[in-house]
Amino acid sequence: MSGLLALITASIFFGAAIYINVAEQPARLSLDGGAALREWGPAYRRGFEMQAPLAIISCLLGAAAWWQTGNPLWGLGAAVIILNWPYTLYIIMPINERLETTQPDQANAETRELIARWGKLHAGRSALGAAATAIYLIAAADGV
């Protein structure tokens, strides 16, 4: 059961992450710099509030499935999904901090470039979510 729940939570994480890349970020980039920054702030906070716990829960469930089944693929999936935390903290957070300290009325070309770069880096989260989901799916098929 924990394996199935790990797969579901990783899938939800991936779905949310890829939605940001294919729908939200392109829409954001169609706005002027100040409007894009005003949209990015609350969207990022809400996304973080949803995705951060999903990564932790999926990791814990994947680790539990590994412990229960002995299949190391569950542990690998757990490790991949939790990599979102250090990836975000060390790679994306410096951009977040710069964007969060910029007032929308002070947005300029650099701000717009930071938002565009943030989107490209966010694709790394989507890739980690996709990889964890695929690994969990293989682990689940292995147990059938």
Side-chain angles (χ1 to χ4, degrees), residues 1-67 69 71-104 106-143:
M1 184 59 146
S2 57
L4 177 62
L5 293 173
L7 174 59
I8 290 169
T9 53
S11 298
I12 294 168
F13 179 97
F14 171 59
I18 200 71
Y19 169 82
I20 291 166
N21 286 116
V22 302
E24 186 175 301
Q25 181 71 356
R28 179 182 299 128
L29 291 175
S30 73
L31 303 170
D32 68 69
L37 185 59
R38 274 190 294 278
E39 191 280 336
W40 176 86
Y44 177 76
R45 282 187 290 284
R46 288 183 182 113
F48 177 82
E49 290 169 359
M50 179 187 64
Q51 286 189 289
L54 281 170
I56 293 169
I57 292 166
S58 183
C59 174
L60 293 173
L61 289 165
W66 179 24
W67 182 76
T69 67
N71 184 340
L73 287 174
W74 291 113
L76 178 60
V80 170
I81 197 72
I82 204 64
L83 279 175
N84 278 285
W85 272 85
Y87 179 78
T88 298
L89 292 172
Y90 295 111
I91 305 298
I92 299 176
M93 196 59 74
I95 291 174
N96 291 358
E97 290 169 355
R98 288 179 63 193
L99 289 171
E100 288 171 342
T101 59
T102 303
Q103 296 301 313
Q106 296 174 342
N108 55 29
E110 180 187 8
T111 308
R112 190 163 183 71
E113 173 54 35
L114 285 172
I115 292 171
R117 187 166 176 224
W118 179 92
K120 290 174 186 170
L121 291 173
H122 177 78
R125 288 188 197 137
S126 298
L128 289 169
T133 300
I135 293 165
Y136 283 154
L137 192 56
I138 294 166
D142 226 19

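From a predicted model like this one, the values you see are computed outputs, not experimental measurements. By convention here, the first residue in the shown sequence is residue 1.
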Check: Which heavy atom of I81 sits nearest a heavy atom of F13, and at what distance?
Finding: CD1-CD2, 3.9 Å
Check: With side chains defined as the heavy atoms from C-beta onward, is the minimum distance between I115 and Q25 less than 4.5 Å?
Finding: yes
Note to self: M1 vs L61, test: side-chain contact (heavy atoms from CB on, under 4.5 Å). Steps then yes/no.
What the structure shows: CA-CA 9 Å; M1 184 59 146; L61 289 165; over 6 Å; no
Checklist line | Separation of T69 OG1 from W74 CH2 (nearest 0.5 Å) | finding: 7.0 Å
Check: CD/E97 to OG1/T101 distance, rounded to the nearest 0.5 angstrom?
Finding: 8.5 Å
Next item on the list: Quick one: closest heavy-atom pair of I82 and P86, and the distance?
Entry: O-CD, 3.2 Å
Next item on the list: Enter the distance from D142:CG to I135:CD1 here, rounded to the nearest 0.5 Å.
Entry: 12.5 Å
Check: Between C59 and A78, which heavy-atom pair has the shortest distance, and what is it?
Finding: O-CB, 3.4 Å
Checklist line | Nearest-0.5 Å distance that lies between atom CD1 in I57 and atom CD1 in I8 | finding: 12.5 Å
Note to self: Taking salt bridge (Lys or Arg N to Asp or Glu O under 4.0 Å) as the cut-off, I'd like each qualifying pair that reaches into residues 23-41, sequence neighbours left out, listed once.
What the structure shows: E24-R28, R28-E39
Notebook entry, point to check: What's the shortest heavy-atom distance between A107 and L37, and which atoms?
Noted result: CB-CD2, 4.5 Å
Check: Quick one: side chain to side chain donor-acceptor pair (under 3.5 Å) pairs with a partner in residues 125-134, sequence neighbours left out?
Finding: N21-S126, T88-R125, H122-R125
Check: Atom CZ of F14 and atom CG of L7: how far apart are they, to the nearest 0.5 Å?
Finding: 12.0 Å
Note to self: Donor-acceptor check, side chain of Y136 to backbone of S58, threshold 3.5 angstrom: yes or no?
What the structure shows: yes
Next item on the list: Check step by step if side-chain contact (heavy atoms from CB on, under 4.5 Å) holds for N96 and W40.
Entry: CA-CA 10 Å; N96 291 358; W40 176 86; 3.5 Å; yes
Next item on the list: Can you see which heavy atom on G33 is nearest to which on R112, and at what distance?
Entry: N-NH1, 4.2 Å
Margin query: Enumerate the salt bridge (Lys or Arg N to Asp or Glu O under 4.0 Å) contacts for residues 44-63, please, sequence neighbours excluded, ordered by first and then second residue.
Written below: none
Item checked: Heavy-atom pair of closest approach, residues A131 and V80 -> CB-CG1, 3.9 Å
Next item on the list: Test side-chain contact (heavy atoms from CB on, under 4.5 Å) on W66 and L76 and set out the steps.
Entry: CA-CA 9 Å; W66 179 24; L76 178 60; over 6 Å; no
Check: Just how far is it from atom CD1 of I92 to atom CZ of R117, taken to the nearest 0.5 Å?
Finding: 10.0 Å
Notebook entry, point to check: With distance as the sole test, does Q103 use its side chain to make a donor-acceptor pair with the main-chain N or O of G34 at under 3.5 Å?
Noted result: no
